[in-house]
Amino acid sequence: MSEKPHIVKSYEEQLQLLKDTIVKMGTGVEKQLENTIQSLVKKDISLAEKSIKDDELTDKYEINIEEQVVNLIALRQPMAIDLRETVVALKVSSDLERIGDLAKNISKRLTKIGTDLPNDITKNFEIAGLKASKQVNAVLNSYLHRAKDTAENVWNSDEEIDQMTNSNMEAAVKHLEKNKNDIQKVTQLLFMLKNIERIGDHATNIAEQVYFLITGDYLEGDRPKG
Amino acid sequence: MSKIKAENVNVYYGSKQALFDVSIDIAEKEVTALIGPSGCGKSTFLRCLNRMNDVIDICRVEGSIKMDNLELNSRKLDVVRLRENVGMVFQKPNPFPKTIYENVAYGPTIHGIAQSKEEMDQIVEISLKKAALWNEVKDRLDEIGTGLSGGQQQRLCIARAISVSPEVILMDEPCSALDPIATAQIEELIDDLKKEVTIVIVTHSMSQAARVSQKTGFFHLGKLIEFGPTDKIFKNPDNQQTQDYITGRFG
Ligand SMILES: Nc1ncnc2c1ncn2[C@@H]1O[C@H](COP(=O)(O)OP(=O)(O)OP(=O)(O)O)[C@@H](O)[C@H]1O
Ligand SMILES: [Mg+2]
């Protein structure tokens, strides 16, 4: 359902700016996450460093969005779809900020332990990481295109990342049992694996918000696992 | 519980139709807000509920409007009794050019409600207290009502309306000429009154409708387009026209 424009042009522009800022922030976070994962895939620490650096911009976007939202509520008193647009932007921006933060955290751990890591674990990390990236990408698309089905798909497939994470962590512990000398690296990798799962959770939060934005209803039922 | 049930109400001014098949259930001891663009028929509908359209010669009301089980749109109806039961507050405060006391005592006097001077004093005091005006006027009850400020005059009119203990109060843009403080006082009063009284309020302020009412009806071009719980109307209305109107979009 595409909405007609507001009679007051400046209001229309402010709401558009809010949506644009979310999309820009989301694109930045996606790039951060991609750099974080590619840093391991390509064994290129500079990519991790870039992700850490870019998190500053993500944080700035979050503050900017919060200011826009407070202004809209105070000065425009948005109603109905506009109210959902405004409130959802606030929540989505905070989930995006968390995703950026988790990507940064992974990158920081990577800069500590370097890229010379047990292959069996990093392979698992890459697969889960790419899956999480896909989820983030899909949920941002669902926001941009107001695609309810895409949001629902993201919501439904979070379970896969959760299961992957469980088995990845078990595998990492098994590796550790056989290779006690890897303890430093594997401990960091365990946190990194867990962070991927949490990124998936935030993508799921965003999916719920997008669904609410479009329909005004809450996604039914329990979250798959969670 | 439904207090007023309107069914297929059609209203004509001469040959021009102003309301089309309006059906609405107004719940008892709740606030129902009526919103919609200028000229959509809100005041016309409100006037059906206390037969104020009778005073407009060319106006003709068809359909059924029942209060409890009494048919309001009947020739046999005792209109004076009805207006005792259904009070009205207008956009512009319209106190009589009489004292504050007389303004409030007027209704109880013509309806023969008070048996003694003491009883009348009591009714006046209680009505002014309920209207949150007592403290401001208790020492000047014999001053002329039209000498009060706009917000005070409006509360005086509300005191006048409630002095006969009506079951329903109709308000047609009661706050449009008031500042935010006087508006808040009236809204507080509405919250308080709804414990005992059924209130129907017409307002052009979306935020006021959202604040004071439990149900909201959206009128457009003489039709009731959407009617439902106020939070639903303002968070996620079913009808696109409703949404366009409340969000300020081109309709
Ligand atoms: N006394 C009258 N004689 C002729 N037509 C009238 C009369 N009162 C209202 N109308 C017409 O009936 C329609 C509905 O008017 P009404 O006053 O009920 O609208 P409203 O929704 O209360 O508008 P507003 O928000 O401007 O007060 C309008 O087209 C108006 O011109
Ligand atoms: Mg009117």
Side-chain angles (χ1 to χ4, degrees), chain A residues 1-20 22 68-92 142-143 146-149 151-152 155 206-220, chain B residues 31-40 42 173 175-176 178-181 183-184 187 201-221 224-251:
Chain A
M1 179 166 65
S2 92
E3 300 293 336
K4 297 187 192 98
H6 288 88
I7 296 164
V8 178
K9 276 204 209 87
S10 55
Y11 184 24
E12 183 73 17
E13 285 160 10
Q14 284 171 358
L15 279 170
Q16 192 55 50
L17 177 66
L18 181 65
K19 290 184 231 178
D20 291 348
I22 288 281
Q68 289 189 42
V69 166
V70 170
N71 273 332
L72 276 163
I73 292 175
L75 306 179
R76 301 289 188 185
Q77 287 114 38
M79 296 277 188
I81 177 67
D82 302 334
L83 177 64
R84 301 206 297 277
E85 194 76 66
T86 308
V87 171
V88 163
L90 187 66
K91 295 200 79 175
V92 168
S142 77
Y143 176 83
R146 309 285 135 128
K148 170 167 90 79
D149 296 350
E152 273 178 294
W155 195 76
I206 298 175
E208 286 173 352
Q209 291 302 314
V210 173
Y211 187 90
F212 172 70
L213 170 65
I214 298 166
T215 65
D217 290 327
Y218 299 97
L219 268 165
E220 288 287 322
Chain B
V31 181
T32 298
L34 306 180
I35 60 170
S38 199
C40 69
K42 305 176 296 293
E173 300 178 49
C175 299
S176 61
L178 304 187
D179 72 29
I181 298 296
T183 299
E187 289 181 5
I201 179 171
V202 168
T203 174
H204 280 294
S205 158
M206 295 304 99
S207 52
Q208 178 168 67
R211 286 192 300 266
V212 303
S213 72
Q214 286 72 57
K215 302 269 168 53
T216 296
F218 170 63
F219 281 81
H220 187 55
L221 298 174
L224 179 64
I225 303 291
E226 185 167 353
F227 179 62
T230 296
D231 62 333
K232 163 104 175 103
I233 299 284
F234 289 103
K235 282 185 336 204
N236 190 21
D238 286 329
N239 189 283
Q240 186 68 43
Q241 280 177 297
T242 312
Q243 171 142 304
D244 290 343
Y245 180 70
I246 63 175
T247 61
R249 287 177 162 80
F250 289 100

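Proteins come first, then strands; the chains are lettered A, B, ... in the order of their sequence lines, and each starts at number 1. Keep in mind that the numbers below use all heavy atoms, side chains included, and drop hydrogens, waters and symmetry copies. What you are looking at is a predicted structure, and each value in this text was computed from that prediction instead of being measured.
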Per the side chain to side chain contact (heavy atoms under 4.5 Å, CB included) rule, which among A:Ile7, A:Asp82, A:Leu15 passes with B:Thr247? A:Asp82
Closest heavy-atom pair, B:Gln243 versus A:Ala80, reported as atoms and distance to 0.1 Å, is OE1-CB, 3.4 Å
Minimum heavy-atom distance B:Asn236-A:Gly216, with the two atoms named: ND2-CA, 3.3 Å
Is there side-chain contact between B:Arg249 and A:Ile81, with at least one heavy-atom pair below 4.5 Å? yes
Could you grab the distance from atom CZ of B:Phe234 to atom CD of A:Gln77, nearest 0.5 Å is fine? 12.0 Å
Test B:Gln240 against A:Glu3 for side chain to side chain contact (heavy atoms under 4.5 Å, CB included), laying out the working first. CA-CA 9 Å; B:Gln240 186 68 43; A:Glu3 300 293 336; 3.0 Å; yes
Measuring from A:Lys4:NZ to B:Asp244:CG, what's the distance to the nearest 0.5 Å? 3.5 Å
Would you say that more than 12 heavy atoms from the other residues, nucleotides or ligands in this model lie under 6.0 Å from the NZ of B:Lys232, or not? yes
